[in-house]
Amino acid sequence: MPAPSTSTPSTPTSPAPPATPPNPVSLQALMVKKYNGSNLRLGRVIARTDAYTKYFITYSSGSLTISGIMNVPRTPGRHPALVLNHGHIDTAIYTNGRGLMREQDYLARRGYVVLHTDYRNHAQSSKDPNSEVNLRIGYTEDVINAVLALKTSPYVDPQRVGLFGRSMGGGITYNVLVAQPGLVKAAVVYAPVSSDAADNFNRWIRPDTTAAAAILKAHGEPTANPTFWRNMSAVNFFNRITEPVLLQHGLADSTCPVAWSRETLAALKKAGKSASLYTYPGEEHAFAAAWPSSMGRTVTFLKQHGL
């Protein structure tokens with residue numbers, strides 16, 4: 001298996017806050033927003049295993065209540081913790097904790113408290129009627145608040161919290177890192193979407209003419225309103241990132257082209273960030289044969305960075 005490409009982190013430089021309020025649908029708005037991630041409530045027990053207990057949970061994200069699940073290891077004391085950001089699943093069929101099931105179990109069995117957020121409009125979460133037309137930017141807010149809420153748990157070491165995102169959740173992870181540098185210690189992304197919002201729009205939303213028309217009416221074409229699309233693209237703000245990032249991508253991925261991860265890695269390296277990419281021959285969007293080894297690499301990476 002090829003060695004990873006790596007880069008050495010440098011001291012981050014962040015632009016000064018804008019003199020006028022930013023467009024509320026922008027990463028700049030998330031940079032200056034005040035967050036209220038709190039009210040983490042463990043509800044019913046969903047399952048008990050030999051290694052952990054799985055709870056239904058809710059927490060606050062702005063004016064919304066977001067649902068999810070939380071796996072708590074049975075070992076005593078405070079634990080390192082991860083917020084898991086799932087990929088796109090149609091909200092009409094999504095159920096509580098539905099994404100990243102393998103990862104939820106694997107990571108909890110290795111001593112991590114795992115909070116898998118449902119995002120707004122999913123499962124028992126509050127509804128946001130503007131989510132789709134605003135390119136689901138609220139999902140990023142929900143993840144930031146999930147981290148803040150998780151840090152209040154008596155089961156969690158608040159200094160040892162990281163992010164794990166897959167597919168769309170990888171893009172959300174990029175957004176969190178640029179919007180709130182220093183919030184977590186490290187981040188892992190699997191088969192992520194592009195860090196350029198226009199790429200993702202063109203690949204998945206533009207073919208849905210009804211959804212695309214609403215978005216374009218609100219925000220304009222990428223060519224006609226490049227400022228909006230630039231300000232929704234994490235790649236343009238990688239200079240703000242302070243955390244190490246591990247990317248993992250299958251070379252046979254027909255959903256998210258591996259070229260996107262290579263381009264993201266190059267942009268992270270150009271910004272002087274600590275980043276590495278592992279690729280896996282023959283692996284599609286959902287890892288199969290290489291999944292165990294990739295997860296072992298994930299845990300090694302997390303432990304190397306204090307998680």
Side-chain angles (χ1 to χ4, degrees), residues 1-9 82-89 99-104 106-107 116 136 139-140 143 162-178 184 186-205 232-238 241 243-305 307:
M1 197 163 291
S5 303
T6 59
S7 63
T8 302
L82 297 166
V83 172
L84 269 55
N85 307 324
H86 66 81
H88 179 263
I89 303 172
L100 297 167
M101 299 294 288
R102 297 179 298 178
E103 291 81 0
Q104 292 175 29
Y106 184 100
L107 294 164
H116 179 280
R136 304 172 186 153
Y139 294 0
T140 300
V143 171
L163 293 175
F164 184 111
R166 192 178 189 290
S167 194
M168 178 186 74
I172 294 167
T173 299
Y174 295 150
N175 289 350
V176 173
L177 296 178
V178 302
V184 298
V188 179
V189 295
Y190 269 73
V193 297
S194 177
S195 52
D196 186 323
D199 286 342
N200 300 320
F201 173 81
N202 288 330
R203 187 167 182 84
W204 289 295
I205 304 175
M232 287 290 287
S233 301
V235 67
N236 296 310
F237 304 97
F238 279 171
I241 292 178
E243 297 74 31
V245 183
L246 171 64
L247 300 87
Q248 306 209 61
H249 213 125
L251 292 178
D253 193 330
S254 59
T255 301
C256 292
V258 68
W260 285 350
S261 282
R262 288 175 171 149
E263 290 162 3
T264 292
L265 177 71
L268 286 165
K269 292 175 67 176
K270 184 176 180 180
K273 305 307 170 182
S274 175
S276 56
L277 167 65
Y278 284 90
T279 57
Y280 297 85
E283 289 295 333
E284 246 287 3
H285 192 57
F287 279 39
W291 184 80
S293 61
S294 72
M295 288 301 295
R297 180 166 283 135
T298 288
V299 171
T300 296
F301 168 83
L302 293 172
K303 291 186 179 298
Q304 287 173 342
H305 296 287
L307 284 166

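Model, not experiment: these values are computed from the prediction. Excluded from the calculations below are hydrogen atoms, water molecules and symmetry mates; all remaining heavy atoms, backbone and side chain alike, are included.
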In terms of side-chain heavy atoms, does [X] have a donor or acceptor partner in [Y] at a distance below 3.5 Å?
X    : Y    : answer
Y278 : S294 : no
N85  : T173 : yes
S194 : E263 : no

> In a check of side-chain contact (heavy atoms from CB on, under 4.5 Å) between Q248 and each of T279, L277, T298, which one passes?
Replying inline: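 The residue from T279, L277, T298 that satisfies side-chain contact (heavy atoms from CB on, under 4.5 Å) with Q248 turns out to be T298.
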
>> Quick check: Y106 with W291 (ring centres under 6.0 Å apart)?
In response: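 Yes, the ring centres sit under 6.0 Å apart.
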
>> Determine whether V176 and V184 satisfy the following criterion, side chain to side chain contact (heavy atoms under 4.5 Å, CB included), listing intermediate values before the conclusion.
In response: CA-CA 9 Å; V176 173; V184 298; 5.7 Å; no

> Are any side-chain N or O atoms of E283 and backbone N or O atoms of A290, one a donor and one an acceptor, separated by less than 3.5 Å?
Replying inline: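 Pair found, side chain donor or acceptor close to backbone of A290.
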
> Where the side chain of R166 meets the backbone of G99, is there a donor-acceptor pair that is under 3.5 Å apart?
Replying inline: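 Not at all, since once roles are kept as given, no pair shorter than 3.5 Å links the two residues.
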
>> S233: which residues meet the side chain to side chain donor-acceptor pair (under 3.5 Å) condition with it, sequence neighbours left out?
In response: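 Testing S233 for side chain to side chain donor-acceptor pair (under 3.5 Å), a comparison that skips the adjacent residues, returns none.
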
>> Applying side chain to side chain donor-acceptor pair (under 3.5 Å), can you list everything that pairs with D253, at least two apart in sequence or on another chain?
In response: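 Listed in chain order: H249, H285.
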
>> According to ring-ring contact (aromatic ring centres under 6.0 Å, His included), who are the partners of H116, at least two apart in sequence or on a separate chain?
In response: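 ring-ring contact (aromatic ring centres under 6.0 Å, His included) check on H116 returns H86.
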
> Considering only heavy atoms from C-beta outward, does the side chain of V235 approach that of W260 to under 4.5 Å?
Replying inline: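 V235 vs W260: side chains apart.
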
